[in-house]
Amino acid sequence: KHLVIRPPWEPYTAAAGELLLTLNPGQAFGTGLHATTQLCLASLETIIRQQPGVRLLDVGCGSGILSLAGVLFGCAGAFGIDLDRLAVWVARVNARLNQLSKQTNFAAGSLEMVTDRFDIVVANILLEPILAMLAPLHTAIVPGGVVVLSGILTAEVAHLKAGLLTHGWLITHQASQEEWTAIVCAEA
């Protein structure tokens, strides 16, 4: 509700109450225009405003949009990972564009490389990679932490719900936009 995303070549002055995120997506996913990104941003804004100062893990960070927005919403810090080294480079450039390099860190790799635990984990990727990470995800979240999953077609939600139940996750919120769904969950 409060986030304005602009490319660096478009001038914009934020109005009172607006958070301005300058974003050059390059060749990485994450401009803010896709429904899955918008669903994640809405969920993150709500969650973080209720508990500022939390730490965020962004799995499949792409342009870094969710990590950077998370810090603007009030996260103490964010760590983004992506299998695509170009995406990691783009995310680091975007962090510098927004003077958020000290609050964010980006690295090439997968969830298995993460050794720390986070208050919030967000993954805006496809169903199959989400299903594959449901078990190891428990080691990346603090007790009482929240997971936001998106990139899921609404037609795939039943399949995801079965996987969540199997791996000990409880759905706390679900939202849809166009043919996409985002699910917020916690450990059961």
Side-chain angles (χ1 to χ4, degrees), residues 1 3 29-30 34-62 64-83 91 103-188:
K1 294 180 181 179
L3 185 67
F29 182 82
H34 198 272
T36 60
T37 307
Q38 292 174 9
L39 287 164
C40 286
L41 289 168
S43 294
L44 288 175
E45 183 177 29
T46 300
I47 294 164
I48 296 165
R49 288 197 185 273
Q50 293 171 355
Q51 45 183 332
V54 295
R55 294 179 54 242
L56 171 72
L57 172 63
D58 183 0
V59 180
C61 66
I65 186 171
L66 299 176
S67 296
L68 299 168
V71 171
L72 292 177
F73 292 149
C75 279
F79 179 51
I81 54 173
D82 202 299
L83 296 174
Q103 296 99 322
T104 58
N105 188 20
F106 298 97
S110 63
L111 182 62
E112 289 73 27
M113 70 171 269
V114 176
T115 57
D116 207 352
R117 290 179 169 244
F118 296 83
D119 304 286
I120 303 170
V121 177
V122 62
N124 184 16
I125 52 180
L126 300 173
L127 177 65
E128 290 306 317
I130 288 173
L131 290 172
M133 70 182 220
L134 291 178
L137 190 55
H138 288 284
T139 63
I141 193 96
V142 299
V146 178
V147 176
V148 179
L149 304 171
S150 192
I152 305 145
L153 290 165
T154 302
E156 299 171 329
V157 170
H159 192 68
L160 176 60
K161 284 182 177 181
L164 290 167
L165 182 63
T166 299
H167 293 288
W169 296 99
L170 174 69
I171 296 172
T172 59
H173 182 74
Q174 180 176 324
S176 295
Q177 183 177 325
E178 299 167 13
E179 68 270 20
W180 301 96
T181 297
I183 290 185
V184 179
C185 55
E187 290 180 302

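Nothing here was measured: the structure is a model prediction, and the numbers come from that model. Only this structure's heavy atoms are used, side chains among them; waters, hydrogens and symmetry mates stay out.
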K.L.:
Could you list the donor-acceptor pairs under 3.5 angstrom formed between side-chain atoms of residues 140-165 and any protein atom two or more places apart in sequence or on another chain?
P.N.:
residue, atom, partner, partner atom, Å
Ser150, OG, Thr36, O, 3.4
Thr154, OG1, Glu179, O, 3.1
Thr154, OG1, Thr181, OG1, 2.8
Glu156, OE1, Leu153, N, 3.0
Lys161, NZ, Gln174, OE1, 3.3

K.L.:
Show every salt bridge (charged side-chain N to carboxylate O under 4.0 Å, His left out) that has at least one partner inside residues 114-127, sequence neighbours left out.
P.N.:
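Applying salt bridge (charged side-chain N to carboxylate O under 4.0 Å, His left out) to every pair that reaches into residues 114-127, excluding sequence neighbours, yields Arg55-Asp116.
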K.L.:
Which pairs count as salt bridge (charged side-chain N to carboxylate O under 4.0 Å, His left out) when at least one residue sits in residues 40-53, sequence neighbours excluded?
P.N.:
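Found Glu45-Arg49.
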K.L.:
Kindly write out the residues that satisfy ring pair (Phe, Tyr, Trp, His ring centres under 6.0 Å) with His173, not counting sequence neighbours, or none if the list is empty.
P.N.:
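Applying ring pair (Phe, Tyr, Trp, His ring centres under 6.0 Å) to His173 gives none.
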K.L.:
So do the side chains of Leu137 and His167 get within less than 4.5 Å of each other, counting heavy atoms only?
P.N.:
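No - every pair of side-chain heavy atoms lies 4.5 Å or more apart.
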K.L.:
Which pairs count as ring-ring contact (aromatic ring centres under 6.0 Å, His included) when at least one residue sits in residues 120-154, sequence neighbours excluded?
P.N.:
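Sorted pair list: His138-Trp169.
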K.L.:
In Å and rounded to the nearest 0.5 Å, what is the CG to NZ distance from Leu41 to Lys1?
P.N.:
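Interatomic distance, Leu41 CG to Lys1 NZ, rounded to 0.5 Å: 13.5 Å.
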K.L.:
Search all heavy atoms of Thr104 against all heavy atoms of Ser67 and return the closest pair with its distance.
P.N.:
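Reported closest heavy-atom pair: CG2-O, 4.5 Å.
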K.L.:
If we only count heavy atoms from C-beta on, is the Phe73 to Leu3 side-chain gap below 4.5 Å?
P.N.:
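Touching, per the 4.5 Å side-chain cut-off.
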K.L.:
As an exercise, state the distance from CG of Leu68 to CG of Asp58, rounded to the nearest 0.5 Å.
P.N.:
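It comes to 8.5 Å.
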K.L.:
When rounded to the nearest 0.5 angstrom, what is the spacing between SG in Cys75 and CD in Gln51?
P.N.:
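Atom-to-atom, Cys75:SG and Gln51:CD are 9.0 Å apart.
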K.L.:
Report, one line per pair, each donor and acceptor closer than 3.5 Å where one atom sits in a side chain of residues 105-115; sequence neighbours left out.
P.N.:
residue, atom, partner, partner atom, Å
Ser110, OG, Glu112, OE1, 2.8

K.L.:
Taking atom SG of Cys61 and atom CD1 of Ile125, what is their separation to the nearest 0.5 Å?
P.N.:
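It comes to 11.0 Å.
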K.L.:
Is the backbone of Val184 close enough, under 3.5 Å, to the side chain of Thr172 for a donor and an acceptor to pair up by distance?
P.N.:
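Flag set: sc Thr172 to bb Val184 pair under 3.5 Å.
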K.L.:
On a heavy-atom basis, which atom in Cys185 and which in Ile171 lie closest, and how many Å separate them?
P.N.:
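Closest heavy-atom pair between Cys185 and Ile171: CB-CA, 4.0 Å.
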K.L.:
Quick one: does Asn124's side chain get under 4.5 Å of Ile65's, heavy atoms only?
P.N.:
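Not in contact.
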K.L.:
Using the side chain to side chain contact (heavy atoms under 4.5 Å, CB included) criterion, which residues pair with Ala35? Sequence neighbours excluded.
P.N.:
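Checked Ala35 against side chain to side chain contact (heavy atoms under 4.5 Å, CB included); matches are Gln177, Glu178, Trp180.
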